[in-house]
Amino acid sequence: MGFFDDLKRGAGGILNQGRPGNAGNMVQGAQNLSNGIRNIAGNKSVDVTFAKLPDSIEEFKALPQAACTTPFDAAALTIVALSCYPRNKEMALAMLDLLRGPRPLSGMDKQFINDRFMDGKDYVPRSYFKGAVPQNDYTPAVPYVITISENPYSYQDQGYAKLFVQSGGADSPRAIQLRQLKDGKWCLWEQFILSDIRQPESANPWA
């Protein structure tokens, strides 16, 4: 039984690896940073892979990515935490507080997240995992892979990183902003990944 099986029934239904793009001769010999391959546009995409998604805050803390030594890891863990929300709200909020470091969630932040999950929209965060599309009711492939990308403007504000992730139910990637602490650890600053996406096929009367 998969991590999301219970959620799909209710609704009606680590390892970092770089993914090289189609780089040309201009970028041969470019430095391999955070297991991602930088292409001719100056962009980088990183696949963050989870063999299993956490069932507790202790398992979350034990993930290799939980050190958040790169903004890519912190961004991927944001999606993992939000994916846990429909199963265990308090656990998911505790995960997000860990990711936010010295800036925990406010009452308004928590209410915003709760509002985004109303009307059975628990499929939105899992749509960012590889293989999750409307046609399969956003069922991710296993192991769980999230591709996080940067662009030439991702680091234009010192100490911040604005990264992007593609939903299987949206046309444009969504942003996650991270901020770096003095010790080098990256923390979640803001996320924009809970906007509406296309309905899963089982819930769409027009599909």
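With a 4.5 Å cut-off on side-chain heavy atoms, Trp189 and Leu178 do not count as touching. Here the side chains of Val145 and Pro140 are not in contact, with every heavy-atom distance at 4.5 Å or above. Side-chain contact check for Val165 versus Ser149: every heavy-atom pair is 4.5 Å or farther apart. Residues Phe117 and Pro86 are in side-chain contact: their nearest non-hydrogen atoms beyond the backbone lie under 4.5 Å apart. Within the 4.5 Å cutoff, the side chain of Asp47 has no heavy atoms near those of the Phe72 side chain. Contact annotation: the side chain of Phe164 never approaches that of Thr147 to less than 4.5 Å [non-hydrogen atoms, C-beta and beyond]. Between Met91 and Tyr85, the closest side-chain pair of non-hydrogen atoms is not below 4.5 Å. Residues Ile148 and Ser45 fail the side-chain proximity criterion, which asks for heavy atoms closer than 4.5 Å.
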Handout entry: Full working for side-chain contact (heavy atoms from CB on, under 4.5 Å) between Phe60 and Leu77
Key = CA-CA 9 Å; Phe60 184 79; Leu77 287 173; 3.8 Å; yes
Practice task
Take Ile146 and Lys130, measure what side-chain contact (heavy atoms from CB on, under 4.5 Å) needs, and give me the verdict at the end.
Solution key: CA-CA 6 Å; Ile146 304 170; Lys130 186 176 181 178; over 6 Å; no
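Not a single side chain to side chain donor-acceptor pair (under 3.5 Å) links Glu190 to another residue, sequence neighbours left out. With sequence neighbours left out, the side chain to side chain contact (heavy atoms under 4.5 Å, CB included) criterion links Leu105 to Leu93, Leu96, Asp97, Arg100, Asp109, Lys110, Ile113.
Between Arg87 and Asp122, none of the side-chain N atoms (NZ, or NE/NH1/NH2) sits under 4.0 Å from a carboxylate O, so this pair counts as no salt bridge.
Expressed to the nearest 0.5 Å, how far CG of Leu188 lies from OG1 of Thr78 amounts to 4.0 Å. The structure places SG of Cys187 at 10.0 Å from CG of Leu98, a figure rounded to the nearest 0.5 Å. Distance check, rounded to the nearest 0.5 Å: OG of Ser202 to CD of Gln135 gives 11.5 Å. In this structure, Arg116 CZ and Ser195 OG are separated by 6.0 Å, a value rounded to the nearest 0.5 Å. Interatomic distance, Lys44 NZ to Thr70 OG1, rounded to the nearest 0.5 Å: 7.5 Å.
Checked options Leu82, Ile57, Asn88; the residue passing with Met95 is Ile57 (criterion: side chain to side chain contact (heavy atoms under 4.5 Å, CB included)).
Without hydrogens or angle criteria, Gln111 side chain to Gly107 main chain gives no donor-acceptor distance under 3.5 Å. Listed for the Arg126 side chain is no donor-acceptor partner under 3.5 Å among the backbone atoms of Ser83. Of the possible polar contacts, none joining the Tyr128 side chain to the Arg174 backbone as a donor-acceptor pair under 3.5 Å is found. Counting only distance, with no hydrogens or angles, the side chain of Asp119 and the backbone of Lys121 share no donor-acceptor pair below 3.5 Å. Between the side chain of Asn136 and the backbone N or O of Gly131 there is at least one donor-acceptor pair closer than 3.5 Å.
Both Phe112 and Ile79 belong to a common hydrophobic cluster when Ile, Leu, Val, Met, Phe, Trp and Tyr are linked at side-chain heavy-atom distances under 4.5 angstrom.
For Lys89, the NZ atom is loosely surrounded, since the number of other residues' heavy atoms within 6.0 Å does not exceed 12.
Residue pairs meeting the side-chain hydrogen bond (donor to acceptor under 3.5 Å, both in side chains) criterion with at least one member in residues 158-173, sequence neighbours excluded: Ser127-Ser167, Tyr160-Arg179, Asp171-Arg198.
A donor-acceptor contact under 3.5 angstrom links the side chains of Tyr155 and Glu150, judged on distance only.
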